[in-house]
Amino acid sequence: MAANNRRMSGKKGAQVGSGGKRRRSLEGKGPTPPAEMRKGHAKQRAAQAKARRAQTRTRRGAGRSASELVVGRNPVVEALREGVPATTLYVQQFIDNDERVREALQLVAERGGINLLEAPRPELDRMTNGLNHQGLVLQVPPYEYAHPEDLLDAAADEGADPLLVALDGVTDPRNLGAVVRSVSAFGGHGVVVPERRAAGMTAGAWKTSAGTAARTPVARATNLTRALESYKKAGVVVVGLAADGDVELGALDALEGPVCIVVGSEGKGLSRLVGETCDFRVRIPMPGGAESLNAGVAAGVVLYEAARRRA
């Protein structure tokens with residue numbers, strides 16, 4: 001009998017009470033994972049596509065600037081009058097309620113969507129690093145820059161040849177705002193600025209643009225020369241403005257087609273690499289004898305000529 005039991009214990013197959021399953025098999029696979037984590041599920045594919053789009057946007061370089069504070073009663077009122085985007089107006093506790101303070105509060109109430117917060121003076125001093133805020137501080141949200149390729153897409157959506165302006169070494173935000181305003185006025189599709197050592201869309205640029213920055217995109221390029229080379233590959237003629245240019249503005253037929261106008265700084269003009277990338281170096285005739293025009297005026301002159309030829 002003992003020998004028989006030994007033979008039975010060594011026999012392969014199901015054992016009594018096992019139900020034909022091993023213990024590990026009885027533990028199960030746990031709860032059903034969410035749809036986004038289930039391989040092949042439609043929601044997983046949608047989530048993966050969304051992640052790829054976000055990664056592409058990051059790789060392209062489109063992004064946001066830092067938030068900004070507008071400080072002082074007159075600057076705050078002027079920013080609110082011009083429609084500069086804002087998230088919060090900070091008002092000092094026990095402030096002297098003069099005409100500018102009342103107007104600021106009225107404009108915030110009329111616009112809506114702007115938080116109104118009261119803060120003690122020490123807190124406003126800390127926020128502004130001790131600047132003379134006069135009891136009013138306006139917070140401007142980060143600006144969402146486009147990518148240079150987005151400007152070509154905007155022109156394609158309109159079925160029009162791209163008309164763009166790129167700024168090389170322009171550091172005054174007011175010049176940037178003036179260029180944005182001119183681009184909007186003459187039917188352009190956007191402005192490109194370098195990521196470094198260049199003016200960005202600050203409150204000052206918004207104010208100078210007279211609200212046109214809300215409908216005219218500003219793109220930021222990690223490397224302006226590479227962005228211009230990319231435009232050239234897409235069939236866009238790159239035209240640089242230079243006082244010693246080889247072609248006079250009136251003789252430039254390229255303005256009738258896809259074109260990117262590059263404007264340099266008032267003092268230094270175009271940088272060497274950007275100048276070498278341009279297809280044409282164009283001069284604006286100035287019978288009055290002025291040595292140069294600032295970026296906003298120069299861009300406006302060329303944009304007008306381009307719009308006149310395209311009409």
Stepwise side-chain contact (heavy atoms from CB on, under 4.5 Å) check, Asp125 with His133: CA-CA 8 Å; Asp125 291 341; His133 50 74; 2.7 Å; yes
Stepwise side-chain contact (heavy atoms from CB on, under 4.5 Å) test for Asp244 and Arg281: CA-CA 8 Å; Asp244 59 350; Arg281 287 169 59 89; 3.1 Å; yes
Audit row: Leu176, Val193, side-chain contact (heavy atoms from CB on, under 4.5 Å) steps and yes/no: CA-CA 9 Å; Leu176 172 57; Val193 297; 3.9 Å; yes
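A 6.0 Å sphere centred on CZ of Phe280 holds no more than 12 heavy atoms belonging to other residues, nucleotides or ligands. Counting heavy-atom neighbours within 6.0 Å of Arg100 CZ, excluding the residue itself, gives a total above 12.
Hydrophobic clustering (ILVMFWY, side-chain heavy atoms < 4.5 Å, transitive): Val282 and Leu293 are in one cluster.
Residues passing the side-chain contact (heavy atoms from CB on, under 4.5 Å) test with Glu99, sequence neighbours excluded: Arg102. Evaluation of the salt bridge (charged side-chain N to carboxylate O under 4.0 Å, His left out) rule for Asp253 yields Arg309 as partners, not counting sequence neighbours.
The pair Arg73-Asp98 meets the salt-bridge criterion, with a side-chain N (NZ, NE, NH1 or NH2) lying under 4.0 Å from an Asp/Glu carboxylate O.
A donor-acceptor contact shorter than 3.5 Å is absent between the side chain of Tyr145 and the backbone of Glu195. With hydrogens and angles ignored, the 3.5 Å screen pairs no side-chain donor or acceptor of Tyr90 with any backbone N or O of Met127.
Each salt bridge (Lys or Arg N to Asp or Glu O under 4.0 Å) pair with one or both residues in residues 226-238, not counting sequence neighbours, appears once here: Lys232-Asp279.
We find the CG-CG distance between Asp157 and Asp153 to be 6.5 Å, quoted to the nearest 0.5 Å.
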